[in-house]
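In what follows, every heavy atom counts, from backbone to side chain, and hydrogens, waters and symmetry copies are set aside. Numbering starts at 1 and runs along the sequence shown. All figures in this text were calculated on a predicted structure; none of them were measured in a lab.
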Amino acid sequence: SDDETARIRSKKFGFQVGSDSYYEMIVSPVIDDDGEIRQVVAVVWDASSGRRLQQKIDAIDSAGSELCRLEVERISKMNVADRLRILEEKTIRFVHDLLHFDHFCVRLLNRKNNKLELVIAVGLPEEAKEVDLYAQPEGNGISGYVAATGRSYICHDVEKDPRYVIGLDHAKSSLTVPLRLHDKIIGIFNIESQTPGQFNEDDRQFAEIFGRYIAMALNTLDLLVTERVNTTGLLAENVGNLIAVPLNDIVTETRGLMDQYIGDEDMRSRLGKILDNVEDIRHSVAHAGDAPKTVLGAGEDAGQTDPLFTDKQVLVADDEQTIRDTVAEVLRKRGAKVFVAKDGAEAVKVIDQNTLDLIVSDIKMPHRNGYEIFAAARRRDATVPVILMTAFGYDPAHSVVRASQEGLQAVLFKPFKADDMLDEIRKALGGEPTQAPADPPPAEKNAD
């Protein structure tokens, strides 16, 4: 009947062959004048590239969401190494899921000397990690060119490209994209392969999008528990302003892809998740300023003279006045003679001109970093204890790691408690940390 014929329609199927090939097929009946099916026509095409595109969209959705999630309470309790390790682990996993490559590096631009500092390196030989590269278009490899120009670069054959410098052993091709934040290039994201011509324009596009997420994650963590901002509202405002443009870029590119997939509701749904994630990130940033910004508990510190602190000469160095003044005040209440320095140059001058019993210094200040201050203290007196303070940072000078190997007393991770700071200082001065009194044992009952 006509009704039965109307119900006989073309059907679409999808099937996978092997681990990397995906095909789609439309099967349509050929119906004669009597309404009988005489033949079946099938059209099959290779949909592998579209399938891989869908998988990359899924990976971007997952990666962007997890990489930029601001877990304020959790992150604030971690030290620099732990925070960077989490970011590194996520980046490694997402690069593998997104681009299916296991050899890459992330370099951040140190604006003081224009050097591209290595932050994360996976699958690269030691000699490649030790190469010094600067953000200059010539003489500094592809990474230097990308950082200087802001242009992504696909190297199809490393042997024929004069810009390529040492990277992966037996490398044949590479892809390098800039890390953008607001209107600035903050670093580069480089992927290498042992297969010639491995990268195409799709890889470039997705690496650029993912690179924005990496840039936001690094800088948001850097500002999340920061010694540079005093006011709660300023932190959220500064971070929000910093990532507004890259978030808008992600939205624009995602919506552009959605326009290309009109009629494919599955793909449009996946792309829609990226837009939802952008809104989640914006919401999280709005609350990022809820974390404390100074020495915890210092306002309630009554303080009293302590023989261990009395007349001890202590240097407190930090370019953030709130931290500097708060730590100095806590120590003065206990009888210490405190010198303060607002930058590294002042700190080194105090070290050279005075016999100090203790140095408490931030690792990220103008003119000198934490390791340089530690080294100056060691030159003046090899026995003087040094305590470094830091919030999250990629620490391009590796102050904490280098100083720890050479006898650093302790590291305080901001925001820290006044009591924790005092315990570390007591240990540095040869005393015992304050212990909370133990609960008295329960009284024994008398036998009747």
Backbone N or O of T322 within a donor-acceptor pair of the D325 side chain at under 3.5 Å? no
With a 4.5 Å heavy-atom cut-off, do D362 and E320 have their side chains touching? no
In terms of heavy-atom contacts, V314 and A336 come closest through CG2-CB, 4.3 Å
Would you please test E159 and K172 for side-chain contact (heavy atoms from CB on, under 4.5 Å) and show each step? CA-CA 7 Å; E159 295 181 359; K172 298 298 182 182; 3.4 Å; yes
Under a 3.5 Å distance rule, please check whether N354 uses its side chain to pair with a backbone N or O of L356 as donor and acceptor. no
If the condition is side-chain hydrogen bond (donor to acceptor under 3.5 Å, both in side chains), which residues does E265 pass it with, not counting sequence neighbours? none
Among residues at least two apart in sequence or on other chains, which ones pass salt bridge (Lys or Arg N to Asp or Glu O under 4.0 Å) with R163? E138
Can you check whether I351 reaches I359 side chain to side chain, under 4.5 Å on heavy atoms? yes
Listed partners of D266 passing salt bridge (Lys or Arg N to Asp or Glu O under 4.0 Å), at least two apart: R270
Any sub-3.5 Å donor-acceptor pair from R324's side-chain atoms to D318's backbone N or O? yes
Rounded at 0.5 Å granularity, tell me how far OG in S174 sits from CD in Q198. 11.5 Å
side-chain contact (heavy atoms from CB on, under 4.5 Å) assessment of R268 paired with I262: CA-CA 8 Å; R268 288 171 62 84; I262 294 176; 3.8 Å; yes
Show me the donor-acceptor pairs, under 3.5 Å and distance only, between side chains in residues 143-156 and residues at least two apart or in other chains.
from	atom 1	to	atom 2	distance (Å)
Y145	OH	R151	NH1	3.3
T149	OG1	Y145	O	2.8
T149	OG1	R151	N	3.2
S152	OG	E208	OE2	2.5
Y153	OH	D161	OD1	3.2
Y153	OH	D161	OD2	2.7

Measure the CD1-CG distance between I425 and D420 for me, rounded to the nearest 0.5 Å. 11.0 Å
Applying side-chain contact (heavy atoms from CB on, under 4.5 Å), run through V316 and L331 and close with a yes or a no. CA-CA 10 Å; V316 177; L331 297 181; 4.1 Å; yes
Just by distance, do the side chain of R378 and the backbone of I373 share a donor-acceptor pair under 3.5 Å? no
Check L116 against G187 and note the closest heavy-atom contact, atom names and distance. CD2-CA, 4.5 Å
Below 4.5 Å, heavy atoms only, C-beta onward: do L179 and V106 meet side chain to side chain? yes
Any side-chain heavy-atom pair from I191 and F199 closer than 4.5 angstrom? yes
Please check this pair: side chain of N114 against backbone of A135, looking for a donor-acceptor N/O pair closer than 3.5 Å. yes
How far does CZ of F339 sit from CD of Q353, to the nearest 0.5 angstrom? 9.5 Å
Compare every heavy atom of L315 with every heavy atom of V340, then report the nearest pair and how far apart it is. C-CD1, 4.3 Å
Does a salt bridge link D423 with R426, judged by any charged N lying under 4.0 Å from a carboxylate O? yes
pair Q409-V386: side-chain heavy atoms closer than 4.5 Å: no
Any donor-acceptor pair under 3.5 Å from R180 side chain to I185 backbone: no
May I have the step-by-step check of side-chain contact (heavy atoms from CB on, under 4.5 Å) for F104 and N190, ending in yes or no? CA-CA 5 Å; F104 69 93; N190 167 249; over 6 Å; no
To the nearest 0.5 Å, how far apart are CD in Q205 and CD1 in I209? 5.0 Å
Side-chain heavy atoms of V251 within contact of L275, under 4.5 Å: yes
If you define the side chain from C-beta out and look only at heavy atoms, does anything of L358 sit under 4.5 Å from V384? no
Within the side chain of E192, is there an N or O that forms a donor-acceptor pair under 3.5 Å with the backbone of L175? no
How long is the straight-line distance from CD of Q321 back to CG of D319, given to the nearest 0.5 Å? 11.0 Å
Main-chain N/O of L133 paired to N140 side chain as donor or acceptor, under 3.5 Å: no
Would you call L412 and L388 a side-chain contact if the rule is heavy atoms closer than 4.5 Å? no
Any donor-acceptor N/O pair, R107 side chain to I188 backbone, under 3.5 Å: no
CG of N200 to CZ of R204: how many Å apart, nearest 0.5 Å? 9.5 Å
Sidechain-backbone polar pair: E346 side chain, D343 backbone, donor-acceptor under 3.5 Å: no
My understanding is that only residues two or more places apart in sequence, or in another chain, count here; which of them pass salt bridge (Lys or Arg N to Asp or Glu O under 4.0 Å) with K115? D132
My understanding is that only residues two or more places apart in sequence, or in another chain, count here; which of them pass salt bridge (Lys or Arg N to Asp or Glu O under 4.0 Å) with K337? none
Mind listing the closest non-hydrogen atom pair of R368 and E372 along with its distance? CA-OE1, 3.1 Å
